Amino acid sequence: MAGSRIGIIGQQRDESREDHMHEDERYGNERDEGGRRYGDERRGDGQDEGGRRGDERYEPLVGFTVGVTAARRAEEFGALLERRGARVLHAPALRTVPLADDTELLAATRAVVESAPDTVVATTAVGFRGWIEAAGDWGLGDQLAEVLRGVELLARGPKAKGAVRAAGLTETWSPASESMAEVLDRLLAEGVAGRRIAVQLHGEPAPGFVEALRGAGAEVVAVPVYRWEDPEDLAPLDRLIDTTLAGGLDALTFTSAPAAVSLLRRAEKRGLLPEILDALRDDVLVACVGPVTALPLRERGIDTVQPERFRLAPLVQLLCRELPAGTRVLTVAGHRVEIRGHAVLVDGAPRPVPPAGMALLRALARRPGWVVSRADLLRALPGGSTDEHAVETAVARLRTALGVPHLIRTVVKRGYQLAPDTPPDTPPDTPPDTPPDTSPGTPPGTREDGPGAASIG
């Protein structure tokens, strides 16, 4: 049993908690070893890591809407996304609840003070600080500090180490990898049989960590400093779910496994779990800060992407690559048209397009150059209108939004089409809205003779 638990721990790299990130990192300015800001790297083909060429004026996430479920550091995360051009929809999927008044934490603190452990593991800065503060409120602060000075004190990462030192203590050891797996490896290598080990938990027990220690013969005192619960205001989370189901979200981000669980649980309570699972499997890019965060989603058959470095800035950098790479790019009437979530890039210039226009454009882009009837376009429009004049109005607004009206051609008595690329021998003054050589269900260039046949324009 212990071996299987260790296998789970081996996947952990601290990405499952936002407070695993270094206190002194400012994510909007985080830089690599060469001094370059993440997201500014240039590739050999002249593009940066977000897919943006040096001569383009837009940011890589322009036209995309990104959902943020984080509770902590959400403002910094959102600012970093917005600087890359994204529209951000923030809905915390959980909240952190301190346990200063919790009898379980008080009992664990008394157990440590009354019978000193051999080893104490500090897993997070916020958790360790909360423990020290709660002990002080209970009049046990000095006793706890005295105990901690005399034990092997392991700090899981730089932030936890900083909290230990801020309390006037000195850690015995801290892993370079910031990994709970390395902490477990050290303890098991030392031998834990018969030893008493206190583990400060971080919101939820680390999967397999406590079990592996107990399986190897240790007595483990779990110190639960805080827990996660549903947000007090569920309206933002409900809006995020609704927007996802309505097709208004391009990417959804998670920085902790409990946040993913919370979102799915909320969808299930609303009777929307099958729908949200389908949307996350097929329509939305799901980005997690690391593999442990992704576990609840993978168990539901949802594919995710994760950065190699489990931090916020590399997560944004990953979105800057993945979202543009998944867009539809067409050549329409000699213009480069890139269809994004709520905007279209026409020859590299971003053009905001209203939802009705985006719905029409996507319907036309499914078969570029083919005629799409007004009835089919009406069905594609949001709102359920039955008046085909709504299509004419939406097309007119779409042409205005795109800034190049002849991208969309009117096919008299048939419908509309994305204008095909102009052949080299076509006169430049050819009227753009003359009916093309197509009929419904017939590919461009196929002549259909007889009454009512369209003529080439």
Side-chain angles (χ1 to χ4, degrees), residues 12-30 38-39 61 64-84 86-98 123-127 130 157 159 178 202-204 226-241 243-244 249-267 276 280 284-297 302 304-307 309-320 322-323:
Q12 293 200 161
R13 293 296 184 275
D14 309 308
E15 86 289 348
S16 60
R17 308 294 179 270
E18 291 153 275
D19 58 359
H20 288 172
M21 301 167 190
H22 298 308
E23 295 257 16
D24 57 352
E25 286 177 346
R26 306 305 300 171
Y27 298 107
N29 297 301
E30 191 175 351
Y38 282 108
L61 296 181
F64 294 115
T65 302
V66 179
V68 172
T69 60
R72 300 185 65 248
R73 296 195 179 275
E75 184 176 346
E76 294 170 83
F77 189 22
L80 188 54
L81 288 166
E82 288 172 348
R83 280 198 292 273
R84 289 289 184 258
R87 177 186 293 173
V88 175
L89 183 58
H90 177 225
L94 46 78
R95 63 189 173 101
T96 302
V97 182
T123 60
T124 64
V126 65
K159 289 184 65 177
E178 308 177 36
H202 42 78
E204 64 175 12
Y226 58 90
R227 66 177 180 268
W228 283 308
E229 291 184 352
D230 291 339
E232 290 181 323
D233 182 6
L234 289 167
L237 186 58
D238 286 342
R239 282 195 296 269
L240 179 63
I241 292 171
T243 301
T244 303
L249 204 66
D250 300 294
L252 184 58
T253 62
F254 295 97
T255 54
S256 71
V261 172
S262 178
L263 182 138
L264 296 179
R265 184 172 60 240
R266 179 59 183 169
I276 199 71
L280 297 182
V284 178
L285 176 69
V286 181
C288 298
V289 78
V292 172
T293 296
L295 280 176
L297 300 165
I302 299 169
T304 66
V305 294
Q306 303 111 37
R309 187 166 179 262
F310 308 138
R311 294 290 186 269
L312 288 185
L315 180 58
V316 173
Q317 185 183 5
L318 178 67
L319 291 171
C320 289
E322 294 288 336
L323 282 174

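Just so you know, these numbers come straight off a predicted model, no measurement behind them.
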For [Y], is there any backbone N or O sitting under 3.5 Å from a side-chain donor or acceptor partner on [X]?
X      : Y      : result
Thr304 : Ala294 : no
Thr65  : Leu249 : no
His90  : Ala70  : yes
Ser262 : Pro258 : no

Within the structure provided, determine whether [X] and [Y] are in side-chain contact (heavy-atom separation under 4.5 Å).
X      : Y      : result
Leu61  : Leu81  : yes
Gln306 : Val289 : no
Leu234 : Arg266 : yes
Glu229 : Leu94  : no
Phe77  : Val88  : no

Leu264/Leu297 under side chain to side chain contact (heavy atoms under 4.5 Å, CB included): CA gap, chis, key distance, verdict: CA-CA 9 Å; Leu264 296 179; Leu297 300 165; 4.2 Å; yes

Where do [X] and [Y] come nearest, in terms of heavy atoms and distance?
X      : Y      : answer
Ile276 : Ala267 : CG2-CB, 3.6 Å
Pro92  : Pro231 : O-CG, 3.4 Å
Ala259 : Ala93  : O-CB, 3.5 Å
Cys288 : Pro307 : O-CD, 3.3 Å
Leu319 : Ala287 : CD2-CB, 3.8 Å

Distance in Å, Arg309 CZ paired with Gln317 CD, rounded so as to fall on 0.5 Å steps: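 Output value for this atom pair is 10.0 Å.
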
- prompt: Rounded to the nearest 0.5 Å, how far apart are CG of Leu315 and CG of Leu80?
  reply: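 If I round to the nearest 0.5 Å, the distance is 9.0 Å.
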
Pairs involving residues 249-265, ordered by first then second residue, that meet salt bridge (charged side-chain N to carboxylate O under 4.0 Å, His left out) (sequence neighbours left out):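 Qualifying pairs, neighbours excluded: Asp230-Arg265.
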
- prompt: How far apart are the C-alpha atoms of Thr293 and Thr255, what are their side-chain angles, what is the distance that settles it, and do they pass the side chain to side chain contact (heavy atoms under 4.5 Å, CB included) test?
  reply: CA-CA 6 Å; Thr293 296; Thr255 54; 5.9 Å; no

- request: Quickly, which of Leu285, Val68, Leu263, Val66 forms a side-chain contact (heavy atoms from CB on, under 4.5 Å) with Leu252? Name it, please.
  value: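 Exactly one pass, corresponding to Leu263.
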
